[in-house]
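Written out below as structure tokens is the structure these notes cover.
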Protein chains: 2
Amino acid sequence: MTSTATRSPAPKVILVAPQLGENIGMVARAMANFGLRELRLVKPRDGWPSDKARAAASGADWVVDEATVYGSTAEAVADLGLVLATTARPREMSKPILTAESAAVRLAERVDAGESAGILFGAERSGLDNDDVALADAIITFPTAPEFASLNLAQSVLLSGYEWFRTRGGTGGRPRAELPPLAAKADVERLFEHLEGELDAAGFLYPPEKRPVMVRNLRTIFLKAALTDQEVRSLRGVIRALSELKQRRAKPADE
Amino acid sequence: MTSTATRSPAPKVILVAPQLGENIGMVARAMANFGLRELRLVKPRDGWPSDKARAAASGADWVVDEATVYGSTAEAVADLGLVLATTARPREMSKPILTAESAAVRLAERVDAGESAGILFGAERSGLDNDDVALADAIITFPTAPEFASLNLAQSVLLSGYEWFRTRGGTGGRPRAELPPLAAKADVERLFEHLEGELDAAGFLYPPEKRPVMVRNLRTIFLKAALTDQEVRSLRGVIRALSELKQRRAKPADE
């Protein structure tokens, strides 16, 4: 079975360190149910391709066939604008927390604007670690009963897909928000590295054991801002202006 | 694991002629995720109780333990008021067709009125037959991509439960997106003035006729970030650290 019907743009599904091929296959199936097509796998534990994934996909072969493998979460999101992370529990990060419904609306705004967007899902038991979540612009949580809160991987993808498809339902009748284009994550990453390099030089990210949390909190600020390309360039200029001396002041002896 | 939290009334889930114990267990798990408790089985093919069902329930034992078995669909719905039937395709019956969302609202109206209500789900491959559907007051269909329309049994129960739980969610209203509290605008203003003061000193906001636009664009970045108090303090620290770094770089002779 092949599909041309779902060539319309949709968010990418990014599975970080998935364990069982069966679960990847069930994710592929859930994606196909709701018109999601592009599956990205970060370090799948049992390797890729996977016969078990294909069997569990129950015919959603195009999702399995076109899945791509990445060596890190950062690489898997490098070309994406809006990136959302699914987590079971709230994290101690000041990122916006969206319902699946409001997440679908945000994703649709970006996809309609011609950008690539994605949703991160963690490994079966452990979920996403904080470094993965830190790469995302916002968090999606699903409301579940407190006495049995945990959704499995394919279920989380299914609910995300369901809300996505519902948001798309009715062929584009929803009024669109006008939003400036997001910078690609790779450019945002270079901005972060520039800032953190100067802050290291300034001794600001100190002591070392607190550095990861400080870095994550700073990155969260700029991720929340949903930076455009122009804004990334402006901030690079601000960092240079604040931390570097202009040539003529640096070389008073020349004057 | 036992549960007292979900003793509140909820629709019954009725599986007609389910085949595999695993699937019944996955249904139990999906029910527990969303506070559905009472599972009714009409002629389960592989008998009941089922070790495979218990294993697949992943800890939702109370649903499995309390499941009851019926000899016919008519018996399984005999004590219920509102009964809804899930079907993959429209039937040639003049019954109302509801989305999962509107179905959840109808079910809630009845359950809130003290009535018992239920949702019928068919066998894994064949679904409900027309005689089963005929027992229902209305039909639930789930929107799915036409090229891969079929949901499996546990997925259908999951989506029904999700909509049920959402309808019940958050004391009357729909679940709201959670957003961190914003810093007061006066504190954000002081942050801006700090940043702009340093950038003026660096000659960055130049030439003067462009200064207002540059300032506005920079402020936009941080306003988009919806800063918290803590983040305002962090950014003040960043500005100080970078400015001090520059001063140290300006005095190589001191070293």
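In what follows, chains are A, B, ... by sequence order, proteins preceding strands, each numbered from 1. Values below: all heavy atoms of this structure, side chains included; hydrogens, waters and symmetry mates excluded.
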Smallest separation among heavy atoms of A:Ala57 and A:Arg29, with atom names: O-CB, 3.6 Å
Interface moiety of A:Glu196 toward chain B, non-hydrogen atoms closer than 4.5 Å: neither
Shortest non-hydrogen separation from A:Leu36 to A:Pro11 and the atoms involved: CD2-CD, 3.8 Å
Residue selection (most heavy-atom pairs with chain A, distance under 4.5 Å) from B:Ile239, B:Leu195, B:Asn152: B:Asn152
Residue part contacting chain A, namely of B:Thr99, when any heavy atom lies under 4.5 Å: neither
A:Glu101 side chain to A:Tyr162 side chain, donor-acceptor N/O pair below 3.5 angstrom: no
Toward chain A, the part of B:Glu244 with a non-hydrogen atom under 4.5 Å: neither
Plane angle bin for A:Phe148 and B:Trp62 - parallel if under 30°, tilted between 30 and 60°, otherwise perpendicular: perpendicular
B:Glu124 (side chain) donor-acceptor with B:Leu20 (main chain) under 3.5 angstrom: yes
Closest contact, heavy atoms only, A:Ser160 versus A:Phe142: OG-CZ, 3.3 Å
Segment of A:Leu218 engaging chain B (4.5 angstrom heavy-atom cut-off): side chain
Among the listed options A:Ala226, A:Ser234, A:Ser150, the residue most often paired with chain B at heavy-atom distances under 4.5 Å: A:Ser150
Side chain / backbone / both / neither for A:Ala30 at chain B, heavy atoms under 4.5 Å: both
Shortest non-hydrogen contact between B:Ala104 and B:Glu163, atoms and distance: CB-O, 3.4 Å
Segment of B:Leu235 engaging chain A (4.5 angstrom heavy-atom cut-off): side chain
Proximal component of B:Ala149, with respect to chain A [non-hydrogen, under 4.5 Å]: backbone
Region of A:Arg240 in contact with chain B, defined by heavy-atom distances below 4.5 Å: neither
Winner by heavy-atom pair count (cut-off under 4.5 Å) against chain A, out of B:Leu223, B:Asn217, B:Val238: B:Val238
All salt bridge (Lys or Arg N to Asp or Glu O under 4.0 Å) counterparts of A:Glu231, not counting sequence neighbours: B:Lys224
